[in-house]
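Below: one structure, written as structure tokens.
Whatever order the structure lists them in is the order used to number ligands and atoms, beginning at 1. In this text, all values refer to a predicted model and were calculated from it rather than measured experimentally.
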Amino acid sequence: MQNFVFHNPTKIIFGHDTIPTIGPETTVYGNRVLLVSGTGSAEKNGVLRQVRESLAAATATVIEHPGVRSNPVLSHVRSGIELAKKHDCQVVCAVGGGSVIDEAKAICAGAVVAHDVWKFFTGKKSITSPLPLTTVLTLAASGSEMNSGMVITNEETRQKFGFGNKKLHPRVSILDPSTTCTVPLDYTAYGAVDAIAHVLEFYFTTLDPHTPVQDRLMEGLVLNSMESCNRVMARPDDYQARADLMWTATLALNGLTGAGLGKVGFPMHMIEHSLSAFYDVAHGAGLSVVIPAWLRSQSSLQPERLAQFARRVFDCRGEDTTLLATEGIARLEQWFAAVNSPTRLQQLNIPARDIPEIATNALALGKVWRIDGYDQERIEAILRLADGNSSTPEC
Ligand code: NZQ
Ligand code: ZN
């Protein structure tokens, strides 16, 4: 157990019929509100109507910034920043999934500075005092509703970079699981994969050999991600299943699992973000291809850790650590396939000849994120493990 400070300032209001609280929870920070939303789902399922009514009842003046697309792009962030500055917005309200919330965070940060917002993502500028943010979450996946991270794609440089600062935590997030009942099964599965990835990034990169508290918490979150996703697959309008998946995804990346682990990293995300930047694949779909490959690249490096994961999450039995490690990875990959999340680059229509360019792009993010131990060759080897046509090269 390493020293740690755990402080998560985001207030969570969880449950059905909670959306009407967004108005008063937002106008406490000011009446000129920039309302950020996606490309249509929140309009269609009535969530945006409820949010508008609540903001109006709280006497907010609302300026709308719709059209955030999945894998949000810098050009749309910049137009949101211009709108926030033009109307002197005092607070931002995001209604949507991780893409909408992340873009809203970037707008909060960029609306109060004169320099370009991308400078935050390349480490050239640090966050000072971003606008306050409130959110209504509509998709269980990223954890952005309760964390300090944001991920934006610079279309000109084809870089999808993540950046975090504790001042970016939403002040309040409304989590009403019924809003996710309209999420199609593919994005439901991608969200569960993303939550599993957030846990595995820490589970397999901590250097501390003795973390029993965090291990059980993380193993439980992986199990809950799979079990609640399975229940949603069986009954998409199962409120309790949607509630379990929503809270699991939030807990998977709100800082709790990492407390006490010491230094951890995001090597799987480092690689996946290049897939999303180049091919605009859904984040979770990219991860279900990268995760098994990255885990296989770890087989000879941490067989005991992989064997513990196999025993505790999939109840694999046996004494042979190498066999257990292999079986655990295979069982996770089988679950990805069972919920129709891709497990090979081919399924994302990504040709093997692009692997070198993808690796170079991922390496650039690895440098910004200070992820040690990865070079061009190693990332290419991991990507070849994800390429169904390659034999299993050594990593
Ligand atoms: O734009 P709309 O119409 O809302 O459609 C969205 C989008 O097409 C749709 N959707 C969202 N809520 C819905 C719904 N459809 C029906 N009913 C609803 N209730 O789902 C699609 C995907 O939405 P998106 O927000 O892109 O998904 P997600 O929540 O998985 O967010 C993905 C983004 O989060 C970033 C990823 O990089 C990616 O850009 N991440 C953010 C992190 C963070 N801030 O900590 C960490 C994550 O690792 C991740 O990198
Ligand atoms: Zn993620």
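- For the pair A141 and ligand 1, the shortest N or O to N or O distance does not fall below 3.5 Å.
- Near V183, the atoms of ligand 1 lying under 4.0 angstrom from a non-hydrogen atom of the residue are 13 (C), 16 (C), 17 (N), 18 (C), 19 (N).
- The protein heavy-atom contact nearest to atom 48 (O) of ligand 1 is H198 NE2, 2.6 Å.
- Atoms of ligand 1 lying under 4.0 Å from at least one heavy atom of H273, given by number and element, are 37 (O), 50 (O).
- Short contacts between ligand 1 and T179, defined as distances under 4.0 Å to a heavy atom of the residue, involve ligand atoms 19 (N).
- On a distance-only criterion, G98 and ligand 1 share at least one N/O pair closer than 3.5 Å.
- Among the atoms of S70, some N or O lies under 3.5 angstrom from an N or O of ligand 1.
- Atom OD1 is the N, O or S atom of D194 at the shortest distance from the Zn ion (ligand 2).
- Listed by number with element, the atoms of ligand 1 under 4.0 Å from a non-hydrogen atom of G40 are 3 (O).
- S274 and N361 form a side-chain donor-acceptor contact under 3.5 Å, judged by distance and modelled atom types alone.
- Closest to atom 9 (C) of ligand 1, if we only count protein heavy atoms, is L139 CD1, 4.2 Å.
- Heavy atoms from other residues, nucleotides or ligands lying under 6.0 Å from NZ of K125 number 12 at most.
- With no hydrogens or angles considered, a side-chain donor-acceptor pair links T134 and T26 at under 3.5 Å.
- Between F202 and F266, the angle of the ring planes goes over 60°, which puts this pair in the perpendicular group of the 30/60° scheme.
- A side-chain N or O of T211 and one of D215 form a donor-acceptor pair less than 3.5 Å apart.
- An N or O contact shorter than 3.5 Å is missing between A42 and ligand 1 by distance.
- To the nearest 0.5 angstrom, W118 atom CH2 is 4.5 Å from N154 atom CG.
- Near N71, meaning under 4.0 Å from any of its heavy atoms, are these atoms of ligand 1: 38 (C), 39 (O).
- Around atom 42 (C) of ligand 1, the closest heavy atom drawn from S148, S276, G164, S142 belongs to S142.
- Residue-ligand proximity, K160 to ligand 1, at heavy-atom distances under 4.0 Å covers atoms 36 (C), 37 (O), 38 (C), 39 (O).
- Scanning S99, P72, G96 for the heavy atom closest to atom 31 (O) of ligand 1 points to S99.
- Among protein heavy atoms, the minimum distance from atom 10 (N) of ligand 1 is reached at S41 OG, 3.7 Å.
- Within the model, atoms OG of S148 and CG of L168 stand 6.5 Å from one another, a figure rounded to the nearest 0.5 Å.
- Atom numbering of ligand 1 starts at 1 in the shown order; those under 4.0 Å from a heavy atom of G149 are 44 (N).
- Remark: K86 does not engage E82 in a salt bridge, criterion side-chain N to carboxylate O under 4.0 Å.
- Considering only non-hydrogen atoms, atom 44 (N) of ligand 1 lies nearest to D102 out of T39, L48, D102.
- Under the 4.0 Å distance rule, the nearest protein heavy atom to atom 6 (C) of ligand 1 falls outside the cut-off.
- For atom 43 (C) of ligand 1, the nearest protein heavy atom (residue, atom name, distance) is N147 ND2, 3.8 Å.
- A ring-centre distance under 6.0 Å is found for F120 and H115.
- Within H283, the N/O/S atom positioned nearest the Zn ion (ligand 2) carries the name NE2.
- The ring of F161 has its center no closer than 6.0 angstrom to the ring center of W369.
- Look at E357 and R158 and you find a salt bridge, because one of the NZ, NE, NH1 or NH2 atoms lies within 4.0 Å of a carboxylate O, short of that distance.
- For the residue pair N71 / T153, no side-chain donor-acceptor distance below 3.5 Å is found, with atom types taken as modelled.
- Scanning the protein for heavy atoms near atom 12 (N) of ligand 1, the closest one is T138 OG1, 2.8 Å.
- With ligand atoms numbered from 1 in the order given, ligand 1 contributes 1 (O) to contacts under 4.0 Å with heavy atoms of G38.
- Residue S144 has at least one nitrogen or oxygen atom sitting less than 3.5 Å from a nitrogen or oxygen atom of ligand 1, judged on distance alone.
- Using a 4.0 Å cut-off between a side-chain N of Lys or Arg and a carboxylate O of Asp or Glu, R344 and E333 qualify as a salt bridge.
- E380 has a carboxylate O that lies under 4.0 Å from a charged side-chain N of R384, or vice versa, which qualifies the two as a salt bridge.
- Within the cation-pi definition used here (under 6.0 Å to the ring centroid, within 45° of the axis), R242 does not qualify as a partner of Y239.
- Distance from atom 17 (N) of ligand 1 to its nearest protein heavy atom, with residue and atom name: T182 OG1, 2.8 Å.
- The shortest heavy-atom distance from R69 to ligand 1 is not under 4.0 Å.
- For H283, a nitrogen or oxygen atom sits less than 3.5 Å from a nitrogen or oxygen atom of ligand 1, counting backbone and side chain alike.
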>> For a side chain to side chain contact (heavy atoms under 4.5 Å, CB included) check, start with the C-alpha distance between Q90 and L131, then their side-chain angles and the critical distance, and finish with the verdict.
In response: CA-CA 6 Å; Q90 298 156 299; L131 291 180; 5.7 Å; no
